[in-house]
Amino acid sequence: MTNFKLNEVELEAAFQSRIDSEQKIEPKDWMPEGYRKNLIRQMSQHAHSEVIGMQPEGNWILRAPTLRRKIVLLAKVQDEGGHGLYLYSATETLGITREELIDALHEGRAKYASIFNYPSLTWADVGTIGWLVDGAAIVNQITLQRTSYGPYARSMVRICKEESFHQRQGYEALMVMAQGSPEQKKMAQDSLNRWWWPVLMMFGPHDAESANSAKSMKWKIKRKSNDELRQAFIDQTIPQVEYLGLKVPDPDLKWNQERGQYDFGEIDWAEFERVIGGNGPCNRQRLEHHRRVDREGQWVRDALAAYEAKQQARSAA
Amino acid sequence: MKDKQDDLINYVIALGDDSLILGQRLSEWCYHAPFLEEDLALANVALDFIGRAQMFYEYASQLETRVLKENARSADQIAFLRDTRDYRNLLIVELPIGDFAFTMARQFTVDVFNQLYLQQLVNSTDSTLAAIAGKAIKETDYHLRRSQEWMLRLGDGTDESHQRMEKALKELWGYTAELFTMSAYETALLRDGISIDRTALCSDWRKIVTELLQQATLKVPSDEWQVTGGREGLHTEHQGDILAKMQYLQRTYPGLEW
């Protein structure tokens with residue numbers, strides 16, 4: 001029997017050749033521990049981002065200006081929660097529980113998208129988040145539909161469909177404002193000014209600086225580099241900004257005929273580090289809200305468990 | 001004829017107000033629920049009520065158009081541009097969400113009522129109201145399945161959940177009487193088979209609620225107090241808080257498209 005047992009090196013070589021030939025890795029397949037850990041980190045971060053992202057947008061549900069906007073926003077925030085739910089489930093296929101993942105979030109061991117540490121101050125921000133934040137997420141997630149881990153790839157297919165609807169509704173809400181009163185136009189421009197750079201930061205550090213990138217690319221967890229994705233996002237978004245009659249807050253932005261792409265200014269990496277490091281405008285608020293709601297819901301979860309235990313005891317008797 | 005039209009408009013708006021204010025309250029739970037699945041489920045229920053409000057207000061707007069022509073209000077104007085005294089919702093829907101037990105106790109009592117009410121409203125001689133009821137009753141069947149399951153879980157869960165549920169029921173019990181109180185315009189529309197006789201639903205409601213509470217090991221609170229007034233615009237102080245938030249953009253930037 002021992003003859004058939006492959007050693008670690010052989011297993012890893014077989015694993016890599018499956019990756020290289022574009023086969024999907026499934027939960028029961030052998031995988032290197034590093035691959036599993038890397039996936040748990042990325043997928044749980046993605047799940048937490050969906051859930052924490054409910055806060056800045058949810059902040060406007062009660063104040064949405066029309067019945068239709070209220071319905072669309074509530075449905076959208078609900079969708080984000082749903083994405084969180086299936087990403088948690090997909091992550092659980094790697095042998096970890098949702099409770100463990102949430103503990104890691106509460107203890108600061110797991111991250112979520114840093115963009116949600118910025119506040120949604122005006123109604124225009126709801127449109128901007130849909131248009132730009134979801135737009136940036138889509139650019140990233142479209143490539144993740146081809147990620148090497150099967151459950152992650154499949155959840156991305158479903159999530160991308162809903163995100164592109166979110167992006168359209170966000171853009172449409174801003175369009176109404178951009179064509180509206182001077183106050184509304186000002187509100188839309190102010191929102192773009194505040195969100196533009198943080199949105200570009202969503203793609204992460206430059207490729208050379210990115211700690212997790214090389215391994216993720218080799219394992220095809222990631223399919224395109226941070227800088228490639230950021231460039232693609234800018235190139236597709238600038239015409240949309242122009243159509244709205246708005247301007248991005250970047251004096252260095254201009255079309256580069258030779259490259260066939262936009263040149264753009266340098267991101268303020270000190271701000272990026274500051275917000276990732278926990279010192280953005282809303283880091284404490286976001287995490288404390290999640291912890292508080294979790295604490296306050298404990299008695300409900302306890303009651304649910306107690307009731308189910310009683311039911312089981314009754315049906316056994 | 002004009003009086004009858006006014007009665008109908010008032011009636012439709014009151015039904016819309018019940019749905020809107022409860023939907024607004026329920027949406028407060030989105031990203032505040034005890035676990036993620038409940039965030040989604042409560043948002044679903046909230047969406048049903050806000051959608052229902054939209055249908056009622058659109059109908060009210062159409063009815064106003066027949067009388068007032070271009071001076072008629074849109075559904076959004078009806079929803080967002082009245083002051084506290086002009087909202088006609090029942091008091092029970094405007095009460096703060098409280099804890100999860102209070103929210104579920106309110107939902108359960110209202111869902112049982114809505115099911116009985118909508119079962120009648122589908123037979124309204126007003127075909128628009130009947131059609132709205134036909135859609136709403138399917139949603140309400142689902143709402144009730146959920147809220148009654150939560151009554152059982154919390155009533156027969158832990159000591160803490162049981163106590164919270166009994167407290168919630170006591171706090172809201174006096175507001176349930178208004179579910180069965182007829183307004184003048186509802187009474188006027190009863191003769192033509194447009195509205196429903198609420199008073200006639202009370203004994204069935206009581207029977208269903210009592211049975212479920214017993215199954216959930218919960219006491220039925222005593223009927224020692226009751227407060228009414230929502231249909232006449234005599235609200236609790238909470239109504240103003242709801243409106244201050246809900247109307248904020250429409251009031252700050254009057255007359256704009258969003």
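Chain letters run A, B, ... following the sequence lines, proteins first, then strands; residues in each count from 1.
- Interface remark: A/Met54 contributes backbone and side-chain atoms alike to the contact with chain B (heavy atom separation under 4.5 Å).
- To the nearest 0.5 Å, atoms CD (B/Gln215) and CD (B/Gln148) are separated by 8.0 Å.
- Residue-environment remark: CD (A/Glu107) exceeds the threshold of 12 foreign heavy atoms within 6.0 Å.
- Of the atoms belonging to A/Ala64, it is backbone heavy atoms, and not side-chain ones, that fall under 4.5 Å from chain B.
- Using a 30° and 60° split on the angle between ring planes, A/Trp299 and B/Phe100 fall in the perpendicular class, above 60°.
- At a 4.5 Å heavy-atom cutoff, the contact between A/Met187 and chain B is made by side-chain atoms alone.
- Proximity to chain A is limited to the backbone of B/Ala33, based on heavy atoms less than 4.5 angstrom apart.
- Your options are B/Glu257, B/Glu38, B/His32, and the one with the most heavy-atom pairs under 4.5 Å with chain A is B/His32.
- In this structure, the portions of A/Ala75 lying under 4.5 Å from any heavy atom of chain B include both its backbone and its side chain.
- With values rounded to the nearest 0.5 angstrom, B/Ile21 atom CD1 is found 8.0 Å from B/His235 atom NE2.
- Note that CZ of B/Phe102 and CG of B/Leu95 are 4.5 Å apart. Values are rounded to the nearest 0.5 Å.
- Of the inter-residue distances, the one linking B/Leu172 atom CG with B/Leu91 atom CG reads 12.0 Å to the nearest 0.5 angstrom.
- Both the backbone and the side chain of A/Arg68 come within contact range of chain B, each with at least one heavy atom under 4.5 Å from a heavy atom of that chain.
- With a 4.5 Å cut-off on non-hydrogen atoms, A/His289 touches chain B through its side chain but not through its backbone.
- For chain B, the option among A/Val300, A/Ile61, A/Leu62, A/Val51 with the highest count of heavy-atom pairs below 4.5 Å is A/Leu62.
- The environment of NZ in A/Lys310 is crowded: more than 12 heavy-atom neighbours from other residues, nucleotides or ligands sit within 6.0 Å.
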Go through the steps for A/Arg168 and A/Asp134 under the test salt bridge (charged side-chain N to carboxylate O under 4.0 Å, His left out), then give the verdict. CA-CA 10 Å; A/Arg168 277 201 301 278; A/Asp134 290 6; over 6 Å; no
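- Heavy atoms of B/Glu58 lying under 4.5 Å from chain A are absent altogether.
- Between chain B and the residues A/Arg295, A/Arg314, A/Gln311, the most heavy-atom pairs under 4.5 angstrom are made by A/Arg314.
- Contact count versus chain A (heavy atoms, under 4.5 Å) is highest, among B/Leu154, B/Asp159, B/Leu20, B/Asp39, for B/Leu154.
- For B/Phe80, the part lying under 4.5 angstrom from a heavy atom of chain A is the side chain only.
- With values rounded to the nearest 0.5 angstrom, B/Tyr142 atom OH is found 5.0 Å from B/Arg146 atom CZ.
- Contacts with chain B were tallied for A/Gln184, A/Gln55, A/Gln179; A/Gln184 has the most, counting heavy-atom pairs under 4.5 Å.
- Your options are A/Ala306, A/Ala303, A/Gly297, and the one with the most heavy-atom pairs under 4.5 Å with chain B is A/Ala303.
- Other residues, nucleotides and ligands contribute more than 12 heavy atoms inside 6.0 Å of the NZ atom of A/Lys185.
- Looking only at heavy-atom pairs under 4.5 Å with chain A, the residue among B/Asp76, B/Thr158, B/Asp156, B/Leu249 that has the most is B/Asp156.
- For A/Glu296, no part lies under 4.5 angstrom from a heavy atom of chain B.
- For B/Gln24, the parts lying near chain A are the backbone and the side chain together; criterion is any non-hydrogen pair under 4.5 Å.
- Heavy-atom distances place the side chain of A/Arg69, and not its backbone, under 4.5 Å from chain B.
- Under the 6.0 Å cut-off for aromatic ring centres, A/Tyr88 and A/His48 qualify, their centroids lying closer than that.
- There is no contact between A/Glu80 and chain B, counting heavy-atom distances below 4.5 Å.
- Between B/Asp17 and the options B/Arg88, B/Arg231, B/Arg82, a salt bridge (charged side-chain N to carboxylate O under 4.0 Å, His left out) holds for only B/Arg82.
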